[in-house]
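A short worksheet on the structure shown next.
What you see is a predicted model; the values in this text were computed from it and never measured. Sequential numbering from 1 along the given sequence is applied to the chain's residues.
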Amino acid sequence: MAKPDTTDTSHFVRYTACLAGAFCLLGVALSLLHKLLPLVPVLVPGAIGWWLWQRHTRTQQRQQKSLNTAFYQLLREQQGRMTLLDFALATELPAIAARHYLDRRAKEFAARFDVTDQGDVVYVFSALAFPHPPAPRSQPAPAALAVPARPTLPASLTQTELAKRLGVAAKTVSRQKLSPNLIDWTRGRDPDRVGWSYSVVEQRFFPMPTIAHSATIPPAVATPMDDP
């Protein structure tokens with residue numbers, strides 16, 4: 001006598017169980033949908049509104065961060081002072097929005113206001129001013145390399161002016177102006193060891209190019225005024 005095929009029976013039972021489970025889940029879903037159907041007109045607009053609010057909040061946060069960055073950068077560039085026009089140009093905000101932002105910041109940081117000669121209002125954020133860093137101190141040159149600063153020489157001098165500089169009478173300069181030793185003579189009496197030459201055309205005395213001081217040049221000694 002042939003035995004019944006248990007494999008086909010097992011597959012049939014498994015298929016029937018899956019089909020029954022699917023129908024059960026479908027029934028539960030339809031039941032829930034039937035119960036939630038009255039709430040759909042409320043849930044859908046609420047979900048859309050929440051999404052729009054979140055998007056608006058993120059946009060506002062990005063805009064606020066951008067405004068704060070521009071605000072602090074402008075403070076650094078202008079040392080804590082700015083006008084409404086400066087901030088509006090830097091942020092491309094309308095004048096009203098820029099004023100509201102600056103007024104709020106001024107209240108937060110206790111800023112003061114200055115008025116220019118043209119009537120413009122300047123927001124002064126003294127608590128947030130960024131002073132320039134002090135310039136580094138230059139190291140003094142070693143004594144062996146230090147070069148004394150040379151005084152500025154006049155472009156030319158009259159006879160009276162040169163006489164006063166050399167500490168002699170004007171007539172003495174007049175007698176020496178055509179001498180071939182005028183440069184050496186004036187250099188020995190000039191307080192800065194400068195030699196002077198005379199221009200007959202312009203009738204003025206001009207300093208000669210500076211040369212290295214020689215150890216043989218004696219220090220300037222005040223000579224008594226020559227007798228006229």
Side-chain angles (χ1 to χ4, degrees), residues 70-87 89-90 109-228:
F71 172 74
Y72 288 113
Q73 182 178 358
L74 198 60
L75 278 181
R76 292 186 180 93
E77 293 175 355
Q78 301 194 7
Q79 298 298 296
R81 299 171 61 90
M82 71 177 67
T83 64
L84 175 63
L85 181 60
D86 294 335
F87 185 70
L89 290 175
F109 297 110
R112 59 185 178 86
F113 303 92
D114 287 345
V115 181
T116 64
D117 296 337
Q118 292 76 20
D120 297 328
V121 178
V122 181
Y123 292 77
V124 183
F125 295 85
S126 56
L128 298 179
F130 299 88
H132 292 293
R137 296 182 178 179
S138 58
Q139 296 294 332
L145 301 178
V147 178
R150 295 178 179 176
T152 304
L153 291 175
S156 63
L157 294 175
T158 62
Q159 180 174 296
T160 303
E161 292 171 345
L162 181 60
K164 183 178 179 180
R165 180 181 177 90
L166 300 180
V168 298
K171 290 185 178 181
T172 303
V173 176
S174 179
R175 290 195 297 268
Q176 295 288 340
K177 65 183 179 182
L178 299 179
S179 171
N181 298 324
L182 174 64
I183 297 176
D184 294 335
W185 180 80
T186 53
R187 182 177 292 116
R189 289 166 173 76
D190 189 279
D192 297 323
R193 307 295 191 271
V194 178
W196 297 81
S197 63
Y198 179 70
S199 173
V200 179
V201 177
E202 299 185 22
Q203 297 184 358
R204 295 181 68 87
F205 295 83
F206 295 87
M208 296 300 294
T210 304
I211 61 174
H213 301 319
S214 173
T216 59
I217 299 177
V221 178
T223 58
M225 301 290 290
D226 294 350
D227 294 335

Q. Would you call Asp190 and Arg187 a salt bridge, taking side-chain N to carboxylate O under 4.0 Å as the test?
A. no
Q) What residues form a side chain to side chain donor-acceptor pair (under 3.5 Å) with Glu77, not counting sequence neighbours? A) Gln73
Q: Might you point out which heavy atoms bring Pro207 and Pro154 nearest each other, and give the distance in Å?
A: CG-O, 3.7 Å
Q) Roughly how far apart are Phe87 CZ and Leu75 CG, rounded to 0.5 Å? A) 9.5 Å
Q) Sub-3.5 Å donor-acceptor pair from the side chain of Asp184 to the main-chain atoms of Asn181, do we have one? A) no
Q) Tell me, do Phe205 and Thr186 make a side-chain contact under 4.5 Å, heavy atoms counted? A) no
Q: Taking side chain to side chain donor-acceptor pair (under 3.5 Å) as the test, write out the residues that go with Asp120, two or more places apart.
A: none
Q.
Any heavy-atom pair between the side chains of Val173 and Arg165 that's under 4.5 Å?
A. no
Q.
Looking at every heavy atom in both Gln79 and Arg76, which two are closest together, and how far apart are they?
A. NE2-O, 3.2 Å
Q: Please round to the nearest 0.5 Å and tell me the distance separating atom CZ of Arg189 and atom CH2 of Trp196.
A: 15.5 Å
**Q.** side chain to side chain contact (heavy atoms under 4.5 Å, CB included), paired with Tyr198, selected from Arg204, Gln159, Lys177
**A.** Lys177
Q | Leu84 vs Val121 side-chain heavy atoms within contact, under 4.5 Å | A | no
(Q) Can you confirm whether or not the ring centre of Phe71 sits under 6.0 Å from the ring centre of Tyr123? (A) no
Q) Nearest 0.5 Å, what's the CZ-OG distance between Phe206 and Ser156? A) 4.5 Å
Q: Please list, chain by chain and in numerical order, all residues satisfying salt bridge (Lys or Arg N to Asp or Glu O under 4.0 Å) with Arg81, sequence neighbours excluded.
A: Asp114
